[in-house]
Amino acid sequence: MAELIKVGMADYKIGSNPASIISYGLGSCVGIALFDPVTKVGGLAHIMLPDSTQARSAENPAKFADTAIPKMLDDMLRAGAVRTRITAKIAGGAQMFKFANATDIMRVGERNAESVKNVLKKLGLQLLAEDTGGNYGRTVELKLESGLYRIKTIDKGEKEL
Amino acid sequence: MCEEILNLSVLQLDALREIGNVGAGNAATALSQIINRKIDMTVPKVSILPLGDVPDVVGGPDAMVAGVYLRVYGPAPGSILFLMPRESAFYLVDMLMGREQGFTTSLNSMDESALMEIGNILAGAYLNSLSFFTKLTLLPSIPALAMDMAGAILSVILSQIGTMGDHALVIETEFTTEFEGVKGHFFLIPDPGSLSIILSAIGVKE
């Protein structure tokens, strides 16, 4: 059995082949999978919020899209990944509850996904695939043997990006 | 920066637990009257948890649950969440609709309305007692329902708290019925700024 590395909410982990990195029950959060197909070094971040500059408390960089992704990328480069080869896949950013007067708070999933894409663009990382939005939760798993990103839902089945 | 909730005194935590106790007691009584069954409840727990650990309270981030979510409006805003294992939600609607136990395996829109109404009644009963203690006018929003993974449902509330800190103050009570079928967790999660307002209002602000 390959090692299964678990990532909690507002955290990220990196690893290398043959491990898998998994994060359970993403709702409005976004799971960002980065992968270098040659060294098979990868990382998975489970971010909660779009932007650290708009938060009162920004002590944990893994909580925000704009701080978690660069930090995880740095760790991967230190572990031997090569920047120009690293690509990204993302999933999550759901709106779990629908209220009639949806405020910005309720739309945090959408804002998370938007921010993640901006950060990836800024860092020059290619976004290969995404499965974002909707109103359901996702469990995501990055397989470091192949870079496959498996997404499980309760009622919408399973898919691989 | 030091988070306010990490510095609560024993006295303050006790006061919050007592509020939870009376609030949840009211809610349990209301639920018991609706389903005409005896409801037991645990003594409320007041926990200060790292955000990522909150889903563990209800069996982990991938546990299948039904969640009724309400925002609390007023001078001390926050979130109320009533979480049940999926099977409990099915049992509960069977009871409410007068069907045979075990009949329901997925929710129709009538069942969903019934669960939201339950959430509404529980939240109303809970907030009534909280308002009584604090003399603050606290009102619940219209409820919203989701049937999904616990982590996904909680992420909505936790991300709001996450803008202010890395810990959540969770006042949590577990309900059980006399038979196995129905159990649930009732959560009151004050917005970060609300806690000092509640504590001042009940006179235990340091």
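Any value given below was found using the heavy atoms of this structure, including those in side chains, with hydrogens, waters and symmetry copies removed. Chain letters run A, B, ... following the sequence lines, proteins first and then strands; every chain starts at 1. Quick caveat: nothing in here was measured; it's all calculated off a predicted structure.
Summarising the local packing, CD of B/E100 is surrounded by 12 or fewer heavy atoms from other residues, nucleotides or ligands at distances under 6.0 Å. By the 6.0 Å contact criterion, CD on A/E160 is enclosed, its count of non-hydrogen atoms from other residues, nucleotides or ligands being greater than 12.
Note that CG of B/L51 is 12.0 Å distant from CG of A/D11, once rounded to the nearest 0.5 Å. The CG atom of B/L158 sits 8.0 Å away from atom SG of A/C29, with the distance rounded to the nearest 0.5 Å. A/M96 contributes atom CE, which lies 8.5 Å from atom CE of B/M149 (distance to the nearest 0.5 angstrom). Taken to the nearest 0.5 Å, the CE atom of B/M64 stands 6.5 Å off from the CG atom of A/D155. Taking CZ of A/F97 as the reference point, atom CD1 of B/I157 lies at 6.5 Å (rounded to 0.5 Å).
When heavy atoms are compared at a cutoff of 4.5 Å, B/P55 approaches chain A solely by way of its side chain, counted from C-beta outward. If you measure heavy-atom distances from B/A150 to chain A, you find no contacts under 4.5 Å at all. When heavy atoms are compared at a cutoff of 4.5 Å, A/L26 approaches chain B solely by way of its backbone atoms N, CA, C and O. For chain B, the nearby part of A/T153 is the backbone; its heavy atoms alone come within less than 4.5 Å. Only the backbone of B/L145 has a heavy atom closer than 4.5 Å to any heavy atom of chain A.
Judged by distance alone, with hydrogens and angles left aside, the side-chain atoms of B/D62 form no donor-acceptor pair with the main-chain N or O of A/Y24 at under 3.5 Å. No donor-acceptor distance shorter than 3.5 angstrom exists from the side chain of A/K63 to the backbone of B/S159, with no hydrogens or angles considered.
Looking only at side-chain heavy atoms (C-beta outward), B/V156 and A/Q95 stay at 4.5 Å or farther from each other. For the pair A/Q54/B/T163, no side-chain contact is recorded, criterion being any heavy-atom separation below 4.5 Å from C-beta on.
Here the shortest heavy-atom pairing between B/G162 and A/F64 reads O-CZ, 4.4 Å.
Ranked by non-hydrogen atom pairs under 4.5 Å with chain B, the options A/A10, A/G25, A/G8, A/G92 are led by A/G25. The residue among B/G151, B/G60, B/A63 with the most heavy atom pairs within less than 4.5 Å of chain A is B/G151.
Applying the side-chain contact (heavy atoms from CB on, under 4.5 Å) test between B/S155 and each of A/M9, A/M48, A/H46 identifies A/M9 as the sole match.
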